[in-house]
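A short worksheet on the structure shown next.
Residue numbering restarts at 1 for every chain, and letters A, B, ... go by the order of the sequence lines.
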There are 2 protein chains.
Amino acid sequence: MDGSRASQASSSELLNPLMYVRCHGCPLRTKPAFHDKTQDEIAVIDQMKSDHLRVSAGTEFIHPEQTDAELYTLFSGWAFRYKELADGRRQILNFSLPGDLIGMQAALLDKSLYGAVALTDAELCVVPRRRLFKLFEHAPGAAYELTWLGAREEALVDENLLTAGRRNAMERVAAMVAALYKRAEQLDLVQDGVMDFPLTQQHIADALGLSLVHTNKTLARLRAQGMFRIADGKLALLNPRAVARLAQYFEKEPARRPII
Amino acid sequence: MDGSRASQASSSELLNPLMYVRCHGCPLRTKPAFHDKTQDEIAVIDQMKSDHLRVSAGTEFIHPEQTDAELYTLFSGWAFRYKELADGRRQILNFSLPGDLIGMQAALLDKSLYGAVALTDAELCVVPRRRLFKLFEHAPGAAYELTWLGAREEALVDENLLTAGRRNAMERVAAMVAALYKRAEQLDLVQDGVMDFPLTQQHIADALGLSLVHTNKTLARLRAQGMFRIADGKLALLNPRAVARLAQYFEKEPARRPII
DNA sequence: CGATGGTTTGATGCTGTTCAATTAGAGTGG
DNA sequence: CCACTCTAATTGAACAGCATCAAACCATCG
């Protein structure tokens, strides 16, 4: 019921795993997905950053109902947000990839209405909730970008709601694959059509609003059609056009976005 | 397919319907749902406001793909945001009640990924997207509250995703009724357990990810159980406890929130 | 080697979709 | 005032998509 497969974040390009990462030399923000920043802007963010957290796969770093959750930028690895009903039914709200913000709601509202869990071993840059208002006062540019990233996260959830509400099982899986693939592509996480894919079928089911069994059978059908292949923690997208067509998924991520 | 029943916003307390509404005397912000503001704060917002729009039921004031959408605060009436697939299947993302912000994503991102439609005749306070960054520079407090409201909207969508993904039909309807009722209560829109309810069954179906026919049958079953009654554009909540229990919906809106 | 977590498969039937048709109310024009 | 139209709500019947239950399989790991 909880994702605990540890697919290592490909760490070839990360710094020494024991080092605190300063924003100045951040290897993430040079990726094509992100806006360039001036040294001054980076310095502001570096000051806001209070910690660089390393968590292992399965760690819940924001708890439902938590009242003092911090704001995080995912530096490496995968994570997801989820909600659940009192009887245990769980819905994954969205997945987070490196560069994504996690915890705006939790940091701003009185208490968190969701949980957040690391799907793989992951690193998190921490912006303490206490400093948030200060950031708005002294760094309007960064505040604006924060809000921008919050709006983007909502866009992800919107899309997932469309998926859960209106797509059938085949389309749901296809939409998920298409969306995650596009996001990974932007982060240089795809090579020869293959990307890391640390989700179990249980995660896929929980994200799509399907049962585990039916998710499995749906994956089998899509596999038979040669659209993509999921195995050994990797996803190979074999027929992107067919997947996009089945899912009716044609949105593109904006070419470049901020990163805090 | 489009909501066009015009349930008048109860306008007893609104000003002359032809007048431009300045923020200073805004009758909305004195409601119990909202934070108090100083005159200075109100002046800032009044300066940002460029227009006071009146639209009739059914008007789409943000179009999918639109690149120059403004930011709106709903002043009176109801509205909703939606997405749809290429083949026409439509998913309503969330409903907006007076005081809610609409269009953060659309104003911040390059283009809108959703549409927004007035469900009833409605009034909208307009904050031009061009002034948004200025607001961050010169009014950090207002910017913070804007972000807060954006986070709250995401929380609404999160809850709707949980509903569409994990609740069955009976529970979905119950969850929707419970959530809308609580929000209306906060706005003094409930009297003797009765509130305006301008949704058609098609809207309910589109919001919950159900077919129209099944929505109708589900409503009939709930009606037979005496949980609530929907008729003539009104909702009477007869057994709040039973509805909350069925929906497993126990979240409360924060006591007070900002309003821009 | 048993234990554990994840994947796979078959059987059964409920929940919700689709198709089709009817009813009721509201607005319009003659 | 009465036909005509349009939208919303309603109901029945047939079907299918997906959930649920049960069990087996496979790999990894202590």
Side-chain angles (χ1 to χ4, degrees), chain A residues 1-8 56-58 85 87-91 117 119-120 163-174 197-224 228-235 246, chain B residues 1-8 56-58 85 87-91 117 119-120 163-176 197-224 228-235 246:
Chain A
M1 197 60 182
D2 63 312
S4 64
R5 155 143 25 134
S7 146
Q8 301 304 338
S56 57
L85 295 173
D87 65 9
R89 280 175 283 175
R90 180 174 79 164
Q91 177 66 39
V117 176
L119 197 54
T120 66
T163 295
R166 287 293 170 222
R167 286 192 247 246
N168 64 30
M170 298 271 280
E171 293 166 344
R172 289 186 207 193
V173 173
F197 194 79
L199 312 193
T200 66
Q201 294 186 358
Q202 183 69 64
H203 290 121
I204 300 176
D206 285 352
L208 298 180
L210 297 172
S211 72
L212 174 59
V213 172
H214 196 62
T215 299
N216 178 282
K217 288 173 181 171
T218 304
L219 284 167
R221 285 176 64 189
L222 287 168
R223 188 186 314 138
F228 56 85
R229 183 163 301 279
I230 294 176
D232 305 318
K234 301 277 181 192
L235 162 69
L246 172 60
Chain B
M1 196 57 183
D2 62 315
S4 62
R5 157 149 18 141
S7 146
Q8 300 305 339
S56 58
L85 295 173
D87 65 10
R89 280 175 283 176
R90 178 174 82 163
Q91 177 67 37
V117 177
L119 196 54
T120 65
T163 294
R166 287 295 171 222
R167 285 192 245 246
N168 65 30
M170 298 271 279
E171 295 166 343
R172 289 186 206 193
V173 174
M176 167 175 222
F197 195 79
L199 313 192
T200 65
Q201 293 186 358
Q202 183 70 64
H203 290 122
I204 301 176
D206 285 352
L208 297 181
L210 296 172
S211 71
L212 174 59
V213 171
H214 196 60
T215 298
N216 179 283
K217 289 174 180 170
T218 304
L219 284 167
R221 286 176 64 190
L222 287 168
R223 188 185 316 138
F228 56 84
R229 182 163 304 277
I230 294 176
D232 305 319
K234 301 276 182 193
L235 163 69
L246 171 59

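With rounding to the nearest 0.5 angstrom, the CD1 atom of A/I204 is 10.5 Å from the OG1 atom of A/T218.
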Please table the atom pairs, donor to acceptor, closer than 3.5 Å between any side-chain atom in residues 163-171 of chain A and protein atoms at least two apart or in another chain.
residue	atom	partner	partner atom	Å
A/T163	OG1	A/E159	O	3.1
A/T163	OG1	A/R167	NE	3.3
A/T163	OG1	A/R167	NH2	3.3
A/R166	NE	B/R90	O	2.8
A/R166	NH1	B/L210	O	3.4
A/R166	NH2	B/A205	O	2.8
A/R166	NH2	B/D206	OD1	3.4
A/R166	NH2	B/L210	O	3.1
A/R167	NH1	A/A247	O	2.3
A/R167	NH2	A/E159	OE2	2.3
A/N168	OD1	A/M170	N	3.2
A/N168	OD1	A/E171	N	3.0
A/E171	OE1	A/N168	N	2.9
A/E171	OE1	B/R89	NH1	2.9
A/E171	OE1	B/R89	NH2	3.4
A/E171	OE2	B/R89	NH2	3.0

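Put simply, CZ on B/R223 is 9 Å from C1' on D/dA9, counting in whole angstrom units. To the nearest angstrom, C1' of D/dA8 lies 14 Å from CG of B/D206.
For C/dT8, the OP1/OP2 oxygens have a side-chain nitrogen or oxygen of A/N216 closer than 4.0 Å. OP1 or OP2 of C/dT8 has at least one side-chain nitrogen or oxygen of A/Q201 nearer than 4.0 Å.
Listed by chain and residue number, A/Q201, A/Q202 satisfy the side chain to side chain contact (heavy atoms under 4.5 Å, CB included) test with A/L212 (two or more places apart in sequence, or in another chain).
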### Query
When you look at B/L219 and B/I230, which way does the side chain to side chain contact (heavy atoms under 4.5 Å, CB included) test go after all the steps?
CA-CA 9 Å; B/L219 284 167; B/I230 294 176; 4.2 Å; yes

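Taking the side chain as every heavy atom from C-beta outward, A/L222 and A/L246 approach each other to under 4.5 Å.
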### Query
Tell me, for nucleotides 18-30 of chain D in 5' to 3' order, what letter each nucleotide earns: B for a base near a protein heavy atom under 4.0 Å, S for only sugar-phosphate near one, - for neither?
BSBB---------

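Remark on the helix from C/dC1-D/dG30 to C/dG30-D/dC1: inter-end axis angle 30°, axes from five-pair C1' superpositions, rounded to 10°.
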